[in-house]
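Note that these values count all heavy atoms, side chains included, but never hydrogens, waters or copies made by symmetry. Numbers restart at 1 for each chain; the letters A, B, ... are given by sequence-line order, proteins then strands. Worth saying up front: this structure is predicted, and the values here are computed from it rather than measured.
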Amino acid sequence: MSLREKVFEFFKKKETVLSGGGAKAVEKQISMGKLTARDRITKLLDPGSFHEYDMFVEHKCKDFGMENKQLPGDGVITGTGTISGYPVCIYAQDFTVAGGSLGYMHARKITKIMDHAMKLGVPIIGINDSGGARIQEGVNSLAGYGEIFYRNTLASGVIPQISVILGPCAGGAVYSPALTDFVFVVDKISKMFITGPEVIKTVLGEEISMEELGGAKIQCEISGNAHFFTESEEECFQQIKKLVTYIPWNNRKKADPFPPKPPKFQYDIEKIIPESPREPYDIRDVIRAVSDDSDFFEIYERWASNLVIGFSRIRGETVGIVANQPYVLAGVLDVDSSDKAARFIRFCDAFNIPLITFVDLPGYLPGVDQEYAGVIRHGAKVLYAYSEAVVPKITIILRKAYGGGYIAMCSRHLGADFVFAWPTAEIAVMGPEGAANIIFKKEIETSTNSEETRKAKVKEYTDKFANPYIAAANGYVDAIIPPRETRDYLIHALSVASRKVEERPSKKHGIPPF
Amino acid sequence: MNEEFKELYIEGCTYKTKLTRKFGLRKIKPEVEDPKIVRAFIPGLIKSVYVKEGDGVKRGDKLLVLEAMKMENQILSGTKGVVKKVHTQPGKVVVKGELLLEIE
């Protein structure tokens, strides 16, 4: 064969692979409202930046008639490319090829691109759209999953890992996303569960739809398995593109700085907080009031929204924000919000992102369900994560900082580098009402007018303890600051702490309460 | 987060705030099991019933067999007493939580 013929033959082979599972399967994929795997990669990455590897990989299964079946690319597309110029490794399961089922070679392609990402020190993005294990391949398919989980774990805290669920992701397959840092889902397209509706019906006699069991809304509001809820694949890709700009390529780098921008005028920090500590407000307005361009990239917007986490920039530098949200459940800590905060704190610490904590909480959520669900064990995760973190830690106490909540929200005692309090801060062992009822129990009960006495005692306690001055007198608060100067203090603290090095005794790893 | 502000009571103080869907779904009081009332803990098939009304039983006595998920589950009495009423019979398919037997 001449060179020309050989090149022609190659192009023909390539075309077969590029057509995926064939016109009919592609049509079906599109009729389900989904993009094809290849389109997804092209839409997510910078135009023309995608380079595919392992296009001609084939499965080796010789059972159940599989020996006669050709599966282009073995149902997964892998390669490298860029997002806004940032390099990434990527893979996308192709549902049009044998339902995106995971066989051993399919898994080998994934683990190979993951190894590549580790060596290059760049983020890995996995697009999941698969019916699950390729049954014909038996235990080899399970081996494939296990080898992916192993690599997810080794890569954790070394390179950012992003999972995108754009179709079914069921059974063992769910555990790769669960091990990664950020999970994106799309309404009506993503479905995640361990046991599907059919199994639940046979075993428990309970009927439930796929959407109600493991759809995007459930994963984002109830289970907390997914971080980002989006309405369309298009919106999902936009969100991923934005996320990538906030985080570094790997744990040896810092996130790239952006040109600094002032916050927008509409967020007047002194007008956000109501006078009464019992009235709600949206903590995100405070975050926006101190962030560059008033831009706040929220993570887990719908889950455990009594605590807010996300990324902002302050004078161009990425910061991780953790804040109580008085708007929802009065901003209490509970099982879910503790989980949410702890994991995010560890992400920021692993990837050299300074932490800013805004405090305004009445304490922990009371309830039998909370105690039974292990609020002790989950709450301990927050203490662990903050104490463990060695990135710059800056805390601002806005209003209530009561009891265990005060300690947990990155207090001086857990190693905060800077603790600032607004004059409205109330740093106390508990709220004035509760405290007065306990301390002055006898006086209130024996008084001729107990309601009057109770009110007087609450006021006495409020005047004496519901302020930042006692904590400041003990040096637990570094400075009491006017709200309007919050951003200036943050900028200063971040620049002073920019070369912070904190050495800890070496160990294999800690044993966090998870 | 479009719902109205509600009141939430925490340590002597009532806060105005929004509630979440999951908060609404929580179980306020856990179910306490009463050993005198025997319910199906899993849907399945009643294979046999060993007792009838008026029988005296003591803790650990066999009451019935409930087959579920290919397992024959022996249901034993959790208390001492007399069988007040049997609500099921062998061959019956039962749903989760269905009342099977009462002891007094």
- Message: For the interface with chain B, which of A/L365, A/D369, A/D336, A/L329 has the highest count of heavy-atom pairs at distances below 4.5 Å?
- Response: A/L329

- Query: Are a donor atom and an acceptor atom from the side chains of B/D55 and B/Y50 found within less than 3.5 Å of each other?
  - Reply: no

- Applying the ring pair (Phe, Tyr, Trp, His ring centres under 6.0 Å) test to A/H227, which of A/F297, A/Y300, A/W303, A/F344 qualifies? A/Y300

- At a heavy-atom separation under 4.5 Å, does A/P326 approach chain B through its side chain, its backbone, both, or neither? backbone

- Task: Between chain A and each of B/E7, B/R26, B/K96, count heavy-atom pairs under 4.5 Å; write down the option with the most.
- Result: B/R26

- Message: I'd like to know whether CG of B/L99 has more than 12 heavy-atom contacts from other residues, nucleotides or ligands below 6.0 angstrom.
- Response: yes

- Item | Whether over 12 other heavy atoms sit under 6.0 Å from A/Q266 CD | yes

- Task: Please flag which part of A/I218 lies under 4.5 Å from any non-hydrogen atom of chain B: side chain, backbone, both or neither.
- Result: side chain

- Query: What part of A/E206 is in contact with chain B, defined as an atom under 4.5 angstrom from a non-hydrogen atom: side chain, backbone, both or neither?
  - Reply: side chain

- Message: Give the interface residues of residues 426-442 of chain A toward chain B, defined by a heavy-atom separation under 4.5 Å.
- Response: A/M430, A/E433, A/G434

- Item | Enclosure of A/E275 CD (heavy-atom neighbours >12, cutoff 6.0 Å) | no

- Tell me, which pairs form a side chain to side chain donor-acceptor pair (under 3.5 Å) where one or both residues lie in residues 66-83 of chain B, sequence neighbours left out? none

- Task: Using the ring pair (Phe, Tyr, Trp, His ring centres under 6.0 Å) rule, take A/Y406 and A/Y402 through it: C-alpha gap first, then chi angles, then the decisive distance, then the call.
- Result: CA-CA 5 Å; A/Y406 155 71; A/Y402 298 155; over 10 Å; no

- Item | Exceeds 12 heavy-atom contacts within 6.0 angstrom, atom CD of B/Q89 | yes

- Query: Is chain B contacted by the side chain of A/V332, its backbone, both, or neither, given a heavy-atom distance below 4.5 Å?
  - Reply: side chain

- Hey, are A/N225 and A/S223 close enough side-chain-wise for a donor-acceptor pair under 3.5 Å? yes

